[in-house]
*Asks:* 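Could you have a look at this structure, given as structure tokens, before my questions?
The analysis underlying the following values was restricted to heavy atoms, covering all of them including side chains, and did not include hydrogens, waters or symmetry mates. Naming convention: chains lettered A, B, ... in sequence-line order (proteins, then strands); numbering from 1 in each chain.
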Protein chains: 2
Amino acid sequence: MRQERDLPTTSYAVLGLLTFGQELSGYELKQWADSTLRFYWTAPAMSQIYTELKRLAQRGLVLSREVGGGPGRTTTRYRVSAKGARELRRWLADSDPGFPLLKHPVALRLLLGHLLDPGQVRAMLEAYDQALAAQRRDLRAVLDGIDNDPAFEFPAHVARWGLSYYDSEEAALRQVLNALPEGSAAQSRAAQGTGQTGRSSGAGPTR
Amino acid sequence: MRQERDLPTTSYAVLGLLTFGQELSGYELKQWADSTLRFYWTAPAMSQIYTELKRLAQRGLVLSREVGGGPGRTTTRYRVSAKGARELRRWLADSDPGFPLLKHPVALRLLLGHLLDPGQVRAMLEAYDQALAAQRRDLRAVLDGIDNDPAFEFPAHVARWGLSYYDSEEAALRQVLNALPEGSAAQSRAAQGTGQTGRSSGAGPTR
DNA sequence: CTCTACTATTCCTAACCGGAAGACTTCTTC
DNA sequence: GAAGAAGTCTTCCGGTTAGGAATAGTAGAG
């Protein structure tokens, strides 16, 4: 009758979040996930978080407690149980992590670049560049908040890892932009461009 | 009565695959996806591929043809229709790509490093290093197969992008490994190790 | 001639997302 | 201090996606 199979990774992710702060509500958990987990996993949907919490509670991996804030208001807060901590350690030690999964909509579209004109491709890549910078800032802010705090040593490692990823994306993006034909104007006429271009052309985005 | 909403991205990915080769069966499509799409998107499950093909056919975005290989055996092959090509272009031009989604089980586990001992963390990261190298080889092989072929200019860009991603992962991994306390043996005693270590220590896994 | 591997497709279940909805609380703003 | 906006907290629903098992024919290996 024992449950042999592992829970989905997201369950353990939620459980893992509870090993930092203590006693979080589903709502707070979602905030946390949105601001940290999303950079290298998914930030699960609200509904998912609550579903996971219910399941974890059912298996005794988390303990819940009703906290009344007002008369008609009760918030349920969760914390890891001893059993939960054990199970989490077991999972970390035993299970095969598997390879990262990247869903990269920009790369996917670039793959189909032959269906677009060069200007459109360029525009798309530059928009991604913007989004990347914004995301990088967010993660930087997270890191600044936890850096040098020994309690968050590992989260800090992960955040730095993430930043280096964004840097590499940035660099790769530039590579592709440089390899692409000019802009919206010249496209089939390769002759002139290849000679002296290189870095200088792509450096100063017009907008 | 018109369908206004975009199909899911995976539909377009499948449709996009059909703009390279022509007339593929679901099975072949899966092979293709496994060897190329998986690097920056998901390789959809078999069932998913067939589901997508049915939907695409229903909307007239692909055309199908029954090919008999034997008496009790018919293979359905698909190709893009003119409408499909139009729709794909429209989608590429109109829709917002959104930001990449990374599901990184190793980073997730590293985040919870405080629950493991240093040796385990190290082992995990080194295993990932191996997997990364293997993956890199696979992608390298794909690129070698299409590089310099003008028909696959864009896939080649994407493949190079992917390679640079793996390189950056490799580098980030080393960073983390260097920042981590020694191995299974010495962990709190930082003094001696930092001097001459670097590459040599972790290089030869025992098994 | 049997076994294994490959081709080809379908079915079922669980995971997961996203939005809507409902209800209460605290903060603004006039 | 009343009205409304914004934030907290949770549930429900429908649709999409993932992944494995089941089925079945075909082709080659020994």
Side-chain angles (χ1 to χ4, degrees), chain A residues 3-15 23-35 37-38 41-59 62 64-78 96 98-103 105 108, chain B residues 3-14 23-35 37-38 41-59 64-78 96 98-99 101-103 105:
Chain A
Q3 298 279 144
E4 275 303 344
R5 236 166 68 269
D6 279 358
L7 295 169
T9 304
T10 301
S11 302
Y12 294 101
V14 170
L15 190 54
E23 282 239 315
L24 300 171
S25 69
Y27 190 85
E28 288 167 325
L29 226 23
K30 170 65 173 163
Q31 311 295 100
W32 249 91
D34 277 347
S35 75
L37 219 51
R38 87 169 138 127
W41 196 250
T42 40
M46 282 259 93
S47 46
Q48 176 95 10
I49 300 242
Y50 284 100
T51 307
E52 293 300 349
L53 285 171
K54 239 161 247 157
R55 173 161 52 180
L56 292 170
Q58 216 164 30
R59 311 205 172 191
V62 298
S64 63
R65 196 166 63 97
E66 304 278 313
V67 178
R73 162 82 115 194
T74 50
T75 299
T76 311
R77 289 177 175 284
Y78 297 86
D96 176 24
F99 202 77
L101 171 64
L102 181 61
K103 279 190 156 186
L108 178 62
Chain B
Q3 297 279 143
E4 276 303 347
R5 234 166 68 270
D6 278 357
L7 295 170
T9 304
T10 302
S11 302
Y12 294 101
V14 170
E23 282 239 314
L24 300 170
S25 70
Y27 189 84
E28 289 166 326
L29 225 23
K30 170 64 174 164
Q31 310 295 100
W32 248 92
D34 278 347
S35 75
L37 217 52
R38 84 169 139 129
W41 195 251
T42 40
M46 283 260 92
S47 46
Q48 177 96 13
I49 300 244
Y50 285 99
T51 309
E52 294 301 351
L53 284 172
K54 237 162 248 157
R55 173 161 51 182
L56 292 170
Q58 216 164 33
R59 311 205 173 190
S64 64
R65 195 165 63 95
E66 304 277 314
V67 178
R73 164 82 113 190
T74 50
T75 300
T76 311
R77 289 175 177 284
Y78 297 86
D96 176 25
F99 202 78
L101 170 64
L102 181 61
K103 279 191 155 184

*Asks:* Supply the atom-to-atom distance A:Arg55 CZ to A:Glu52 CD, rounded to the nearest 0.5 angstrom.
*Replies:*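 Reported to 0.5 Å precision, the distance equals 4.5 Å.
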*Asks:* Hey, does the side chain of B:Arg38 reach the backbone of B:Ala43 with a donor-acceptor pair shorter than 3.5 angstrom?
*Replies:*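 Here the side-chain-to-backbone pair does not exist.
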*Asks:* Return the minimal non-hydrogen interatomic distance between A:Trp41 and B:Pro105, and the atom names on each side.
*Replies:*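 Reported closest heavy-atom pair: CZ3-N, 3.8 Å.
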*Asks:* Between the two end axes of the helix from C:dC1-D:dG30 to C:dC30-D:dG1, each built from 5 base pairs, what angle do you get to the nearest 10°?
*Replies:*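 That helix has its two terminal axes inclined by roughly 30°.
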*Asks:* Taking atom C1' of C:dC17 as reference, at what distance in whole Å does atom CH2 of A:Trp41 sit?
*Replies:*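 Rounding to the nearest Å, CH2 of A:Trp41 and C1' of C:dC17 are 15 Å apart.
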*Asks:* Please check: side-chain N/O of A:Lys30 versus main-chain N/O of A:Ser25, any donor-acceptor pairing under 3.5 Å?
*Replies:*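 Judged by distance alone, no pair lies under 3.5 Å.
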*Asks:* Do B:Tyr27 side-chain atoms and B:Met46 backbone N/O form a donor-acceptor pair below 3.5 Å?
*Replies:*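 Such a contact is absent between B:Tyr27 side chain and B:Met46 backbone.
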*Asks:* Tell me whether the OP1 or OP2 atom of D:dT17 has a side-chain N or O from A:Lys103 closer than 4.0 Å.
*Replies:*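 No, because none of the side-chain N or O atoms of A:Lys103 sits under 4.0 Å from OP1 or OP2 of D:dT17.
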*Asks:* Within this structure, what is the CD1-to-C1' distance between A:Ile49 and C:dA15, rounded to whole angstrom?
*Replies:*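 These atoms are roughly 14 Å apart.
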*Asks:* What's the CG-P distance between B:Leu37 and D:dT17, to the nearest Å?
*Replies:*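 One finds 13 Å between P of D:dT17 and CG of B:Leu37, rounded.
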*Asks:* Roughly how far, to the nearest 0.5 Å, is the CG atom of A:Leu15 from the OG1 atom of A:Thr10?
*Replies:*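 The distance works out to 12.0 Å.
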*Asks:* Atom NZ of B:Lys30 to atom P of D:dA18: distance rounded to whole Å?
*Replies:*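 Distance, rounded to whole Å: 10 Å.
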*Asks:* In B/S/- notation, 5' to 3', how is nucleotides 5-14 of chain C contacted by protein heavy atoms closer than 4.0 Å?
*Replies:* -SBBBBB---
*Asks:* Once you round it to whole Å, what is the distance between P of D:dG20 and CG of A:Asp6?
*Replies:*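 For the pair A:Asp6 CG and D:dG20 P, the rounded distance is 14 Å.
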*Asks:* For B:Tyr12 and D:dT17, give me the distance from atom OH to atom P, rounded to whole Å.
*Replies:*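 After rounding, the reported distance stands at 11 Å.
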*Asks:* Within this structure, what is the CD-to-P distance between A:Glu66 and D:dC9, rounded to whole angstrom?
*Replies:*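 Nearest whole value for this atom pair: 13 Å.
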*Asks:* Keeping B:Tyr12 on the side-chain end and B:Leu7 on the backbone end, is there a donor-acceptor pair under 3.5 Å?
*Replies:*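 A pair under 3.5 Å: yes.
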*Asks:* Rounded at 0.5 Å granularity, tell me how far CD in B:Glu66 sits from OG1 in B:Thr74.
*Replies:*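 With rounding to 0.5 Å, CD (B:Glu66) is 5.0 Å from OG1 (B:Thr74).
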*Asks:* Measure CG/A:Leu7 against P/C:dA15 and give the value in whole Å, please.
*Replies:*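 Distance check: A:Leu7 CG to C:dA15 P gives 8 Å.
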*Asks:* The criterion is side-chain contact (heavy atoms from CB on, under 4.5 Å); which residues satisfy it with A:Ser35, sequence neighbours excluded?
*Replies:*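 Residues passing side-chain contact (heavy atoms from CB on, under 4.5 Å) with A:Ser35: none at all.
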